[in-house]
Amino acid sequence: MGMSDMIAVLMILGGAFFLLVASIGIVRFPDFYTRLHAMGKGDTLGIILILLGLCVYEGFTLNSAKLLIALVFVGLTNPVATHALARAALRYGLKPLLKLDQEEKKPSTTSKSDALET
Amino acid sequence: MTDSPGTTIKKFEQREHPWRGVAMQGFALMCLWLVLSGHFDFFHITTGAICVGIVLLLNARISSVQFFQGDVSEWEHLRFEHLLRFLPWLAWEIVEGSIQVASAVLHPKMPIEPAVIRFRVKLPIVGARVLFGNVITLTPGTVTLSITEDEFLIHALRRKSASTIIDGTMPRWIAQLFYDEDEQLVTSVEIIESSKEM
Amino acid sequence: MQDVLIYITNLLAVIIIIPFYRVLKGPTVFDRVLGVGAIGTKTLVLICLVGFIYGRLEMFIDIALAYAVLNFISVLAIAKYFKSYRKGA
Amino acid sequence: MTHFSESPIIVVVGRLIAPFIQLFGLYVIFHGHYGPGGGFQGGAMLAASFLLIRLCVGEEASQMHFKRSLGAPVGILGAAVFFGIGLVTMGAGGYFLDYSLLPFEDVSASKLRFFGILVVEIGIGIAVAATLVAIFDELMGGADNG
């Protein structure tokens, strides 16, 4: 196993770690808007790291150029998808659970978000 | 619209090379075709050129319409020499943001104090605002909720995590991609910490 | 090297299951969509890794790209639907 | 400049990447011989890019891109290419889509097969893309105003 393979494996492992953290974050965070953070950052970095690691392992070929295209596409569209979801939820009237609401220890489920539960 | 962006837009009203955007788009499309195709013989390159022509024709009208003032011509003002300095900074910010989220997720008590922050930012170019919105989503602790004109609404995991936005360092990075800017970029910051105030 | 990649692919296959909790539990529709989007982006990586293991990356990367495009557009479409849903109701 | 309420992030990025998705769809159509893909998949990607523009800038503005009224006629045109080639080969005494019997004199059978398949794939791609967009328009039914 050469040096570049080691770097590739390290990057892929790091990417897998961030994907794992993002997944746990999506489950563990208390409300929708905080879960967006896990999707917008953790997922993006995880995918970028794994694809870059594959690029390093593959070397300087056409396939790694294709991987770079996929990387740029994901890096461009993942924040946009996050923003679109956030905006849709805000327009729908979903209220975020903020600091003072947390201190009051009240669930911030308004009638609107109750109606959303299916 | 108190500090009307109209004065600064005037810088970009003249479009010396209206064809430059189309040429850049065509070049990028041809590069994409060559990378995807992987066959470099005459037949495949010719079909590629024809396909790029078809795509450019199909998109000619929709990409020359301005949905926001000046959103078509401004990508030509992107300064590539600044982009080279910008990308490493962005990469570091993404890594830092992910590490912050990871530490918040893995911490047993989950130390977050979510807040919504509303502010105005003086970026007269729509492309700069789009880039700024995406960078906010990617950088530590903040997600863009909505953009109307020059007013941003962002969600922050902690109050502190929005400090680089409020003091103007992050918008300055974006602004420098397009033009030299030394003014105070962020104005009328409003921090909302209870959902009743929204 | 191949073994390491296979282990990581298995790990990813486990990671993908975690957001399903959000898809099933909710509580709001947007949480479900968020979970679906997260699963989609991870699937993209999984397709690339599988292509690597089979040694046919040039084929699988096309599938992965198409999957990424469709995932992005589906999230946008669902977001758009819930935006206009309120207007009509 | 039209008044517009959609977020600039979605509009700008959507219009930025739609041409690239179209080119990817065309690539999938033209390289059906070498990998996965072909007419149907490429047509679906083309339709995806048209739908992306419709979602991003709204029904009204997207008429500049792919007209609502074009959906059915272009779909029929694509299907006509497919059936036309099939029927021509049948008329030349072979089976449906027996490419080697296409009426070009001085072209070898393998070349005929290659280009026959390519033209049929293009026809299928156009038909699928236009039909999917037509279905989307029909489902929205003009209810969506951006």
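These figures come from a predicted structure and were not determined experimentally. In the text below, chain A, chain B and the rest are named by the order of the sequence lines, each starting its count at 1.
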Does a sphere of radius 6.0 Å around CZ in D/Phe114 hold more than 12 heavy atoms from other residues, nucleotides or ligands, not counting ones at 6.0 Å or beyond? yes
Note: C/Leu76 and D/Cys56 closest approach over all heavy atoms is CD1-SG, 4.2 Å
Heavy-atom distances under 4.5 Å only: say whether D/Ile21 touches chain C with side chain, backbone, both or neither. side chain
Surrounding CZ of D/Phe83 (heavy atoms of other residues, nucleotides or ligands, distance under 6.0 Å), is the total greater than 12? no
Pairwise distance CG(D/Leu55) to OG(C/Ser74) - rounded to 0.5 angstrom: 10.0 Å
List the atom pairs, donor and acceptor, that lie under 3.5 Å between side-chain atoms in residues 119-129 of chain D and the rest of the protein, sequence neighbours left out.
residue, atom, partner, partner atom, Å
D/Glu121, OE1, D/Gly39, N, 2.4

Using atom types as modelled, flag every donor-acceptor pair under 3.5 Å from a side chain in residues 65-72 of chain C to any protein atom, sequence neighbours excluded.
none

